[in-house]
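Counting convention: from 1, in listed order, for ligands and their atoms alike. Being a predicted model, the structure only gives us computed values, none of them experimental.
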Amino acid sequence: MLFFDSILRVYNSVISPPITPRKRDDAIRIGLIGASTIAPFAVITPAKSHPDVIVAAVAARDINRAEAYARRYDIPVVHSTYQALLEDPSIDAVYIALPNSYHYEWSLRSVQAGKHVLLEKPSCSNATEAKKLFKHPLITAPNAPVLLEAFHYQFHPAWQTFLTQVHQSPGSIESVSSQFYLPRLLLGKDDIRFKYSLAGGCLMDVATYCVSSVRQIVGRQIRLTPVNIDHRPLSISSNEEPQIDEAVTATFLTPNSQIVRIQGDLASAGGWFSLLPASWTKALPTLRWPMSEAVFEPVLVESIVQEDGVPLQHVFKRTVRIWNHMIPYIYHRIDTSDQHTLQRGEEVIRSWNETSYKKAYNWPSGDKRAAVYKDWWSTYRCQLEEFVNKIKGRQGSGVWIDGEESIAQMETIDRAYEKAGLGPRPTSNFEI
Ligand SMILES: NC(=O)C1=CN([C@@H]2O[C@H](COP(=O)(O)OP(=O)(O)OC[C@H]3O[C@@H](n4cnc5c(N)ncnc54)[C@H](OP(=O)(O)O)[C@@H]3O)[C@@H](O)[C@H]2O)C=CC1
Ligand SMILES: O=C1OC[C@@H](O)[C@H](O)[C@H]1O
């Protein structure tokens, strides 16, 4: 049953939405900047089930590619340059899914053209660009266009339910961790993620989600100081790219000495049966679930002073963990695990574990957002809902990513790259 439910959600969210409403007269007309790999998942399919969104145009550097893409995805208008799409008065908003090094320039150009922007993560190549972008008068002016960094996972009820579970737990957070891996061979050796000049790297890609996740858990306003960063240089390409991290493991500290760990890998391999020779298994791709967790300090439940003066203490140590927050609509699980201990002084009398499991394919029943959202909505569909709500001035779910958060995110990534000795990604010369 669980398996069939998952298949149905994938079919509905990724392949064919069960509801394709008529578009409203004032629907937002989105133009795609770049005939990208991700747009069908992030915008084209989600738009089918949104009455207020029409994917109206696509622009690509090569007109033939743009036309083929438009035919494949049924997009009515094709532009031969990104600038031509921005000059199209029928377009209200753009989706920018270009290599990271172009995010800053094309966001500024789009906003200058009066278009709302759904901007792929990471928002910019580095914090210098992010500050210039999000603090630009074109963005901070009253009634400026909406600009959103597309951290899609944050908009899904599963992630928000996990955060609520963390933030409502008793006690203080002791440590936090987050991991996201892509299996080896998924990305080709010429992928944009493996090019420093295009602002590539693991910390800019899968590990950027880890940085974002841990910052959500410890508090978005908290500054993370990197204490140890290990990276694996590029192994799957023969190109010389010494500033690219193919994989990264990093430890940060918060000002309260909470330990924050992240692990990301763009080409995860190995860890297979130990029967096989290591030289074989290290080339075999590995699949691992994305995961984020918060581990709490022990909480005292009860302390009873005994006749001999030694207290009998009941404490528990909580871990709240989410599995698969990146594609939660396929399957996810939120575990709250309490490790209880009954102890007298140093002596442990008894210990036991109590774990509860939650799923949140939608907001809790009774919550008015649950009547709007659907169980099969992907993270991208949830994100599109809130992007439209913001443009239309509607209340929405309350989940949003503002410019300050996007700047703080890039500051953390820059600090991590500096600590790793790889240096922040190059800054664009573009100015408006
Ligand atoms: N939210 C998510 O789940 C995901 C987000 N992303 C993000 O989206 C962005 C694009 O990723 P993805 O779709 O995988 O990328 P693609 O490799 O599909 O490239 C996207 C577009 O970049 C354009 N482009 C412009 N300049 C260059 C150049 N010098 N070299 C190569 N391409 C160029 C191409 O546009 P043209 O069509 O004009 O040739 C291409 O279509 C990245 O920022 C990435 O981090 C990626 C995957 C998932
Ligand atoms: O969601 C994602 O999954 C795979 C990554 O490489 C990509 O850039 C990211 O956004």
*Asks:* Counting non-hydrogen protein atoms only, what is the nearest one to atom 21 (C) of ligand 1? Give residue, atom name and distance.
*Replies:* Ala97 O, 3.5 Å
*Asks:* Return the closest protein heavy atom for atom 4 (C) of ligand 1 as residue, atom name and distance.
*Replies:*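 Residue, atom and distance for the closest contact: Ile38 CG1, 3.5 Å.
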*Asks:* May I ask you to list the atoms of ligand 1 that are less than 4.0 angstrom from any heavy atom of Tyr380?
*Replies:* 1 (N), 2 (C), 3 (O)
*Asks:* Decide if the gap between the ring center of Tyr102 and the ring center of Trp106 is smaller than 6.0 angstrom.
*Replies:* no
*Asks:* How far is atom 3 (O) of ligand 2 from its nearest protein heavy atom, and which residue and atom name does that atom have?
*Replies:*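 Ranking protein heavy atoms by distance from atom 3 (O) of ligand 2, first comes Phe180 CZ, 3.7 Å.
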*Asks:* Is it the case that the side chains of Glu386 and Asn389 hold a donor-acceptor pair, with the cut-off being a distance below 3.5 Å and no angle test?
*Replies:*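 Looking only at side-chain atoms, Glu386 and Asn389 do form a donor-acceptor pair, the distance falling under 3.5 Å.
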*Asks:* Which residue from Ala199, Gly34, Ser378, Pro99 reaches closest to atom 22 (O) of ligand 1 through any of its heavy atoms?
*Replies:* Pro99
*Asks:* Please list, in number order, the atoms of ligand 1 under 4.0 Å from a heavy atom of Ser36.
*Replies:*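 Answer, ordered by atom number: 13 (O), 18 (O), 20 (C), 41 (O).
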*Asks:* Which ligand 1 atoms does Ala60 reach within 4.0 Å, using its non-hydrogen atoms?
*Replies:* 36 (P), 37 (O), 38 (O)
*Asks:* Return the option from Leu118, Leu119, Leu98 holding the heavy atom at the smallest distance from atom 9 (C) of ligand 1.
*Replies:*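 Ranked by closest heavy atom to atom 9 (C) of ligand 1, first place is Leu98.
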*Asks:* Do you see a donor-acceptor pair shorter than 3.5 Å between the side chains of Thr208 and Gln409?
*Replies:* yes
*Asks:* Does either side chain, that of Tyr95 or that of Ser36, offer a donor lying less than 3.5 Å from an acceptor on the other one?
*Replies:* no
*Asks:* Between the side chains of His103 and Glu120, is a donor N or O closer than 3.5 angstrom to an acceptor N or O?
*Replies:* no
*Asks:* Against the six-membered ring of Tyr82, is Arg109 placed for a cation-pi contact (under 6.0 Å from the centre, within 45° of the normal)?
*Replies:*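 The answer is no; the distance or angle limit is not met.
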*Asks:* Tyr82 heavy atoms, cut-off 4.0 Å: which ligand 1 atoms fall inside?
*Replies:* 23 (C), 25 (C), 35 (O), 36 (P), 38 (O)
*Asks:* Does Tyr209 have its ring centroid less than 6.0 Å away from the ring centroid of Phe151?
*Replies:* yes
*Asks:* Distance only, no hydrogens: is a donor on one side chain within 3.5 Å (strictly under) of an acceptor on the other, for Ser406 and Glu149?
*Replies:*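 Their side chains do contain a donor-acceptor pair, which is all the 3.5 Å distance test asks for.
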*Asks:* Give the atom numbers and elements of ligand 1 that come within less than 4.0 Å of a heavy atom of His152.
*Replies:*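 Atoms satisfying the 4.0 Å criterion: 1 (N), 2 (C), 3 (O).
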*Asks:* Does the distance from a Lys or Arg side-chain N to an Asp or Glu carboxylate O, for Arg425 and Asp414, drop under 4.0 Å?
*Replies:* no
*Asks:* As a check for students: among Lys121, Glu120, Arg193, identify the option with a heavy atom nearest to atom 46 (C) of ligand 1.
*Replies:* Arg193
*Asks:* Give the numbers and elements of all ligand 1 atoms closer than 4.0 Å to a heavy atom of His103.
*Replies:*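 Those of ligand 1 that fall under 4.0 Å from His103 are 43 (O).
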*Asks:* Can a salt bridge be assigned to the pair Arg220 and Glu404 using a cut-off of 4.0 Å between side-chain N and carboxylate O?
*Replies:*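 No salt bridge links Arg220 with Glu404.
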*Asks:* May I ask you to identify the nearest protein heavy atom to atom 43 (O) of ligand 1, giving residue, atom name and distance to one decimal place in Å?
*Replies:*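 Nearest protein contact, heavy atoms only, for atom 43 (O) of ligand 1 is Asn100 OD1, 2.8 Å.
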*Asks:* State whether a side-chain donor-acceptor pair under 3.5 Å links Ser337 with Asn353.
*Replies:*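 Result is yes, a qualifying pair exists.
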*Asks:* Inspect the contact between Lys115 and Glu87 and indicate whether a charged nitrogen and a carboxylate oxygen are less than 4.0 angstrom apart.
*Replies:*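 No, no charged N to carboxylate O under 4.0 Å.
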*Asks:* For the pair His152 and Tyr380, name the ring-plane relationship: parallel under 30°, tilted 30 to 60°, perpendicular over 60°.
*Replies:* parallel
*Asks:* Considering heavy atoms of the protein only, find what lies nearest to atom 8 (O) of ligand 2 and give residue, atom and distance to 0.1 Å.
*Replies:* Asp205 OD1, 2.6 Å
*Asks:* Do we see a donor-acceptor contact under 3.5 Å between the side chains of Glu246 and Ser235?
*Replies:* yes
*Asks:* Counting heavy atoms only, which part of Tyr102 comes closer than 4.0 Å to ligand 1: side chain, backbone, both or neither?
*Replies:*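 The side chain, only.
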*Asks:* Side chain, backbone, both or neither: which part of Ile38 has a heavy atom under 4.0 Å from ligand 2?
*Replies:*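 Looking at Ile38 and ligand 2, no heavy atom falls under 4.0 Å.
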*Asks:* Relative to the heavy atoms of Lys121, which atoms of ligand 2 are at a distance of less than 4.0 Å?
*Replies:* 7 (C), 8 (O), 9 (C), 10 (O)
*Asks:* Provide, to 0.1 Å, the distance between atom 26 (N) of ligand 1 and the closest protein heavy atom, together with that atom's residue and name.
*Replies:*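 Nearest neighbour among protein heavy atoms for atom 26 (N) of ligand 1, to 0.1 Å: Arg61 NH1, 3.2 Å.
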*Asks:* Going by distance alone, is a donor N or O of one side chain under 3.5 Å from an acceptor N or O of the other, for Gln216 and Trp159?
*Replies:* yes
*Asks:* Please confirm whether Tyr361 and His156 have ring centers closer than 6.0 angstrom.
*Replies:* no
*Asks:* Report the part of Arg193 in contact with ligand 2, treating N, CA, C, O as backbone and CB onward as side chain, heavy atoms under 4.0 Å; options are side chain, backbone, both, neither.
*Replies:* side chain
*Asks:* Taking only heavy atoms of His152 into account, list the atoms of ligand 2 that are under 4.0 Å away from them.
*Replies:* 1 (O)
*Asks:* Is it the case that ligand 1 has an N or O less than 3.5 angstrom from some N or O of Leu198?
*Replies:* no
*Asks:* If you measure from atom 11 (O) of ligand 1 to every heavy atom of Asp190, Ile192, Thr37, which option wins on shortest distance?
*Replies:*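 That would be Ile192.
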*Asks:* For atom 37 (O) of ligand 1, what is the closest protein heavy atom, and at what distance to 0.1 Å?
*Replies:* Arg65 NH2, 2.6 Å
*Asks:* Tell me which protein heavy atom sits closest to atom 10 (O) of ligand 2, plus the residue, atom name and distance to 0.1 Å.
*Replies:* Tyr209 OH, 2.6 Å
*Asks:* Could you list which atoms of ligand 1 come closer than 4.0 Å to a heavy atom of Asp205?
*Replies:* 45 (O)
*Asks:* Within ligand 1, which atoms have a heavy atom of Tyr209 less than 4.0 Å away?
*Replies:*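 Ligand 1 atoms under the 4.0 Å threshold to Tyr209: 1 (N), 2 (C), 3 (O).
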*Asks:* N/O of Ala150 under 3.5 Å from N/O of ligand 1, yes or no?
*Replies:*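 There is no such contact.
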